[in-house]
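Worksheet: the structure to be examined is printed underneath.
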Amino acid sequence: VQLQAFGGGLVQAGGSLRLSCAASGRAFSSYAISWFRRAPGKEREFVAGISLSGSSSEYAESVKDRFTISRDNAKNTVNLQMNDLKAEDTAVYHCAAAWGLLQTSPGVYDYWGRGTQVTVSS
């Protein structure tokens with residue numbers, strides 16, 4: 001599976017962005033897909049993830065009620081709608097694919113896309 005993330009940019013605090021992760025290759029629906037982010041000087045952290053069918057999702061506490069993850073297996077895409085963005089959301093965002101069950105640990109993710117920069121100005 002090859003992943004490509006796009007949709008980042010510069011936005012003011014309180015604004016919105018929509019990130020997309022496009023996948024190529026077979027068996028997309030066999031992979032849980034998650035978004036991770038890394039801010040300068042910080043560890044990579046889990047942001048949001050979605051199960052194989054899209055029936056369940058998980059979010060980091062810091063983004064709950066602001067971010068929504070969704071997937072379209074027919075189009076091999078996963079989207080992350082980010083609302084009410086804050087300066088602390090500034091980071092490089094990566095999408096990643098893990099075979100099977102949705103998990104939040106980055107170590108279980110087999111495939112990673114190039115990141116997309118999100119910058120939130122306060």
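Residues A23 and L3 share a closest heavy-atom pair of CB-CD2, 3.6 Å. Nearest heavy-atom pair across G25 and N76 is O-ND2, 3.8 Å.
For residues 45-78, there are no disulfide bond (SG atoms under 2.5 Å apart) pairs, not counting sequence neighbours. Identified under the salt bridge (Lys or Arg N to Asp or Glu O under 4.0 Å) test for residues 41-59, with sequence neighbours left out: R37-E45. Pairs of residues two or more places apart, or lying in two chains, that qualify as ring pair (Phe, Tyr, Trp, His ring centres under 6.0 Å) and include a residue from residues 20-47 are Y31-W99, Y31-Y111, F36-F46, F36-Y109, F36-W112. Listed by first then second residue, pairs satisfying ring pair (Phe, Tyr, Trp, His ring centres under 6.0 Å) with a partner in residues 56-98 number zero, not counting sequence neighbours. Evaluation of the disulfide bond (SG atoms under 2.5 Å apart) test over residues 26-93, restricted to residues two or more places apart or in two chains, returns none.
Residues satisfying the side-chain contact (heavy atoms from CB on, under 4.5 Å) criterion with A87, sequence neighbours excluded, are S122. Scanning for side chain to side chain donor-acceptor pair (under 3.5 Å) contacts around T119 gives Q117, with sequence neighbours left out. Scored by the side chain to side chain donor-acceptor pair (under 3.5 Å) test, R66 finds D89 as partners (sequence neighbours excluded). D84 pairs by the salt bridge (charged side-chain N to carboxylate O under 4.0 Å, His left out) definition with K86, not counting sequence neighbours. Remark: S53 engages S51, S55 in a side-chain contact (heavy atoms from CB on, under 4.5 Å) (not counting sequence neighbours). In this structure S29 satisfies the side-chain contact (heavy atoms from CB on, under 4.5 Å) test together with N73, sequence neighbours excluded.
Within a 6.0 Å sphere centred on CD of E88, other residues, nucleotides and ligands contribute more than 12 heavy atoms. The environment of D65 atom CG is sparse: at most 12 non-hydrogen atoms of other residues, nucleotides or ligands sit within 6.0 angstrom.
Rounding to the nearest 0.5 angstrom, the gap separating the SG atom in C95 from the CD1 atom in I69 is 9.5 Å. Here L85 contributes atom CG and S121 contributes atom OG; the two are 10.0 Å apart, rounded to the nearest 0.5 Å.
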Under 3.5 Å, which donor-acceptor pairs do the side chains of residues 4-21 form with other protein atoms, sequence neighbours left out?
from, atom 1, to, atom 2, distance (Å)
S16, OG, N83, OD1, 2.9
S20, OG, N79, OD1, 2.7

I would like to know whether L102 and S34 meet side chain to side chain contact (heavy atoms under 4.5 Å, CB included); could you show each step before the answer?
CA-CA 8 Å; L102 172 61; S34 289; 3.5 Å; yes
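L52 is not connected to L80 by any chain of hydrophobic side-chain contacts under 4.5 Å among Ile, Leu, Val, Met, Phe, Trp and Tyr, and they are in different clusters.
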